[in-house]
Amino acid sequence: MPKLTIDGREIEVEAGTTIIQAAELLGIEIPRFCYHERLAIAGNCRMCLVEVEKMPKPVASCAMPINEGMVVKTNTPTVKNARQGVMEFLLLNHPLDCPICDQGGECDLQDQAMAYGKDHSRCDEQKRAVDKKNFGPLIETAMTRCIQCTRCVRFANEIAGAPELGALGRGEHMEITTYLNQALDSELSGNLIDLCPVGALTNKPASFTYRSWELKSTESVDAMDALGSAIRIDTRGNQVIRILPRVNDDVNEEWLSDRSRFACDGLSLQRLDKPYVRRDGKLAATTWSDALSVLAAKVKSSMTGRMAFIAGDHSDAETLVAAKDLAAAMGTTHLDCRQDGAALEAGLRASYLFNSTIAGIEHADALLIVGSNPRIEAAVFNARVRKRWLTGKLKVAVIGPKVDLTYKYEWLGDNPSILADIAAGTHPFAATLKAAANPALILGQGAVARTDGSAVLGLARKVADTTGMVKDGWNGFNVLHTAASRVGALDLGFVPGTGGKNVAEIVAAAGKGELDVLFLLGADEIDISGLGSTFVVYIGSHGDFGAHRADVVLPGAAYTEKNATFVNTEGRVQRTRLATFPPGEAKEDWKVVAAVAEALGKALPYTTLSQVRERLSAVNPVFAQIDMVAPASWGTFGQDGSVLPQPLTSTIKTFYAVDPISRSSKTMAQCQAAFGEDQCQRKTGTHG
C-alpha cells in the first residue's frame, strides 16, 4: 500500500484513496462542500484545495488519488489564500438572509465562512436572484442560496434512482431544477435536505417554525417500517418538530425514508389522550377507573376462551409479552400478530428473518424478489439493492408486480407457480441462482399474506435449498417485513396456541357472536366491520379504525413517547427512547395492559420496565442481545401443496398512508394528493 505524508505525518493507505480521505484518517480537517463520502466525486466547489509538492498549483484533495511518497500540506499561506478566494466566490451571489433561513445555526456555509473566509468582500456588483423551484410538498427551495455543489443531483441520480433532478444553463446562469418543473418523485427525497450544505433546500412542512438551537435531540429507532433505521428525534417542549437519520452502516447508512421523516406531524394529530367508553352508541370520555371497571365487568361475565388478542404493527415487545401473559392468565389461546394474514411460523426463526442481513445484501450476486415492491415497502433498503446493482455484480429477477424499482431487473411474471419451476430447475433463472456465489431471495409479505401463503413459503424454501442459498457463512433466504412489531412478536410466540384462532378466524368468530371480548393492541388494519357485536377494547395511540369501533378505548403511547423494544426485519433487537411524554392521560402500552390485568384480578408479576425486560429475555434469550444479529438455524418450514394462479402483489398500496400515524399526518395527505393514490403501480417497467 502506498505511503504519503500529510502535514508532516506519514500514513499508509489503500491504493485509490484520495487525499481528503487520507487526511480524515489522520484527523486532519479539510473543508468541503461538494464532496460527500457516499456520493460520486464532483470536484466542483474547490473548497478542499491543498498544496502537493512538485505540483505547480493547489489541487482539489477530494479528486486527487494518492501516490507513493506524496507530500501534502493543508495549512500553508497559499492554501489559506486559495480557500479565502473560493469562499469569496461562493458568497458572491449568496443572499444575506441568514436571520430568516431555516438552515441558520447548522449551515456548513456559515461555519466554513467563519473558519476559512475573509471578513470583507471585494464585490460591488448586484447579486443575482433565482426563482424558487417546485420540488414537491416536502422540500422548500430558495435557489438563490444554491452554491451548485450538485450533492442533490448526485443523490437523486445515484442513490434514489430518480433522475429527474439536474442542472440547466452554464456558468453564472446554471440552475438546479427538475427538468419539467414537477415534484421530485422519490420516497427518499427528504435526504436532499440533509445533504444540502446551505439553505437552498429546507424542510417545507416545518418552515419558519423552529431554530435549531431551540430543539432537544433524542437518539432513537424508527418504527414506521420494519428496517429499524437509526433516527434522531428533535423536539421543542412536548412536540416532535422533525426526525432526522443517524448513521448506522448496518441498517440505513445515513438515509431515511420520507414517511419516517415527515409523518411526525401525525404524532400530535388524532391522538387519544384520555379513556373512552361507549354509552348509548357513542364514545364518551371518562376516567381510567371507570373505563377499567366497565372492562372488568364485561370480561368477568364472559366465558373462558371467548376472548382474543390482536397485535398491531407498532406494538412493542414489552406490550406483547405483557399481553401474552395476560392471555395465558385468562385462559385463551386466541392471539395473533399477523394482521395481514401472513403464513409465517413462529417456531423456526430462519423462516421469518432477513437472514443475509440488510448490509449483507451488498454481497449478493443474484437476487430473486418474490411478491414484494421494496421501493414502497422499505425504501432505504431498496436504495441498498440499487447500490449493489450499480456495481454491475448483481442480477435481479422479480416474480410479482411489474413496477419501477429504480434498477433493472428481469421480470419473470406474477404467477407463484414460477417458484415451483425454479425449485425444480426447469426455469432459466434457476441456473443463474445456482451459478452465483451468494444467491439471495427476498420474500415479501404479498407472497405469504394469501390463502396459499404457506405453500408459497414452502416453495421459496425449496428454491433456497435447491439453488444453494444456504451454506456456511451465507444464508440468502430473506423475508422482508413491513411491520415494526412483526419479528419481535414472532420471537415471543404471539401466535395462536393449541386450539387458538388466527386473525381471520378471530374476525369470523366475532362476526358470528362466538367471541365476547376482543383486545386490539393498536390493530387497525383488520376488517373492523366484521366484528359484529363483540365487545372491543382498543389500546393504542391514535383515533384510527380500531378506536372508532371500540367499546372501551385506553390511550397508549406512540413510538417516540416510550422506552420500548422492537426487532427489525433482520432480527436485530433495538430500543427506542422517550423523546416526548404521551399526551394527556395516555400511558405506555405495557403499563395499560398491566392496569387491565390488575383490574381483572390477574396482576402481572412485574411492575417496572427492567422487570418486563427480564421477562422478555426469559421468554426468548434473543432479547438480551441488543443491536446484534445472530445467525438462525435452518430447517424445514412451509407446506407442500399447489399454489393459486392469483397474481403476486405488494401488501402496501400507497407509501404515504400505511398506519395510524401516517394516516393522521397532513404532510402525508399532501404527498398522497401530489403523487397519486397508488404508488404500488408507479410507472410499470424497469429503470436504469
Side-chain angles (χ1 to χ4, degrees), residues 226-228 250-251 317 320 337-338 340 342-364 366-372 374 377-378 381 385 419 422-423 433-434 436-449 453-495 566-574 616-617 619-640:
L227 286 187
D250 292 332
V251 181
L320 292 169
C337 62
R338 302 161 298 186
D340 54 10
L344 296 171
E345 305 166 8
L348 188 66
R349 204 164 188 245
S351 69
Y352 58 82
L353 288 188
F354 202 96
N355 292 285
S356 69
T357 72
I358 294 170
I361 205 67
E362 293 188 31
H363 300 292
L367 176 63
L368 178 63
I369 301 175
V370 182
S372 175
E377 298 171 14
F381 169 74
V385 177
L419 276 173
I422 296 176
L433 291 172
K434 290 178 180 179
N438 293 318
L441 178 148
I442 295 177
L443 194 65
Q445 298 304 293
V448 292
S454 187
V456 175
L457 180 65
L459 283 177
R461 188 254 309 158
K462 288 181 180 178
V463 170
D465 286 333
T466 58
T467 58
M469 286 185 185
V470 183
K471 52 192 175 183
D472 289 342
W474 178 258
N475 186 338
F477 180 85
N478 302 304
V479 176
L480 183 61
H481 290 274
T482 57
S485 66
R486 185 68 52 84
V487 174
L490 292 172
D491 283 341
L492 291 169
F494 202 92
V495 292
F566 291 89
V567 187
N568 78 345
T569 191
E570 61 183 349
R572 184 184 301 272
V573 180
Q574 301 172 301
L616 278 175
S617 300
V619 174
N620 192 332
V622 73
F623 286 97
Q625 302 173 4
I626 305 302
D627 202 30
M628 295 175 58
V629 177
S633 300
W634 188 247
T636 301
F637 52 88
Q639 293 182 353
D640 294 330

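Only heavy atoms go into these numbers, but all of them, side chains included; no hydrogens, no water, no symmetry mates. These numbers come from a predicted model, not from an experiment.
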Task: Counterpart residues, salt bridge (Lys or Arg N to Asp or Glu O under 4.0 Å), relative to R572 (two or more places apart) - done: E570, D627

Task: Smallest separation among heavy atoms of A436 and K471, with atom names - done: O-NZ, 4.4 Å

Open item on the list: Let me confirm one number: the CG-CZ distance from N568 to R486, rounded to the nearest 0.5 Å.
Closed with: 14.0 Å

Open item on the list: Taking the side chain as everything from C-beta on, heavy atoms only, tell me whether V567 gets closer than 4.5 Å to F623.
Closed with: yes

Open item on the list: Please check: side-chain N/O of N620 versus main-chain N/O of D491, any donor-acceptor pairing under 3.5 Å?
Closed with: yes

Open item on the list: If I take atom OG from residue S485 and atom CZ from residue F566, how far apart are they, to the nearest 0.5 angstrom?
Closed with: 7.5 Å

Open item on the list: Return the CD to CZ distance between E345 and R338, rounded to the nearest 0.5 Å.
Closed with: 9.0 Å

Open item on the list: Checking ring pair (Phe, Tyr, Trp, His ring centres under 6.0 Å) between F477 and each of F354, W634, Y352, which is the one that passes?
Closed with: W634

Open item on the list: Looking at E377, is its backbone amide N or carbonyl O close enough to the side chain of T482 to form a donor-acceptor pair, meaning the two atoms are under 3.5 Å apart?
Closed with: no

Task: Atom of Q574, atom of G228 and distance for their closest heavy-atom approach - done: NE2-O, 2.9 Å

Task: Inter-residue atom distance H481.NE2 - S372.OG, 0.5 Å rounding - done: 11.5 Å

Open item on the list: Do Q639 and L457 make a side-chain contact, defined as non-hydrogen atoms from C-beta onward lying under 4.5 Å apart?
Closed with: no

Open item on the list: Can you confirm whether I442 sits close enough to L367 that some side-chain heavy atom of one is under 4.5 Å from a side-chain heavy atom of the other?
Closed with: yes

Open item on the list: If I compare all heavy atoms of A449 with all of D340, which pair ends up nearest, and what's the gap?
Closed with: CB-O, 3.3 Å

Open item on the list: Is the shortest side-chain heavy-atom distance between I369 and L480 below 4.5 Å?
Closed with: no

TODO: State which residues pass salt bridge (Lys or Arg N to Asp or Glu O under 4.0 Å) with D472; sequence neighbours excluded, sorted by chain then number.
DONE: none

- [ ] May I ask you to decide if S633's main-chain N or O and R349's side chain share a donor-acceptor pair within less than 3.5 Å?
- [x] no

Task: Closest approach of V487 to T569 (non-hydrogen atoms, all atoms of both residues) - done: CG2-CA, 3.9 Å

Open item on the list: Taking the side chain as everything from C-beta on, heavy atoms only, tell me whether I361 gets closer than 4.5 Å to F381.
Closed with: yes

Task: Beyond-backbone contact of S351 with L344, side-chain heavy atoms, under 4.5 angstrom - done: no

Open item on the list: If I take atom OG1 from residue T636 and atom CG from residue D465, how far apart are they, to the nearest 0.5 angstrom?
Closed with: 7.0 Å

- [ ] Mind listing the closest non-hydrogen atom pair of A632 and N355 along with its distance?
- [x] CB-OD1, 4.1 Å

Task: Side-chain (N438) to main-chain (A364) donor-acceptor, under 3.5 angstrom - done: no

- [ ] Measure from the side-chain N and O atoms of N478 to the backbone N and O of G476, and report whether any donor-acceptor pair falls under 3.5 Å.
- [x] yes

TODO: Indicate yes or no: at least one non-hydrogen side-chain atom of L616 is less than 4.5 angstrom from one of L492.
DONE: yes

TODO: Write down the atom of L433, the atom of A440, and the distance for their closest heavy-atom approach.
DONE: CD2-O, 4.3 Å

TODO: Mind running side chain to side chain contact (heavy atoms under 4.5 Å, CB included) on L368 and L419 for me, showing each step along the way?
DONE: CA-CA 10 Å; L368 178 63; L419 276 173; 4.2 Å; yes

TODO: Give, for atom CG of L441 and atom CZ of R461, the distance between the pair rounded to the nearest 0.5 Å.
DONE: 12.5 Å

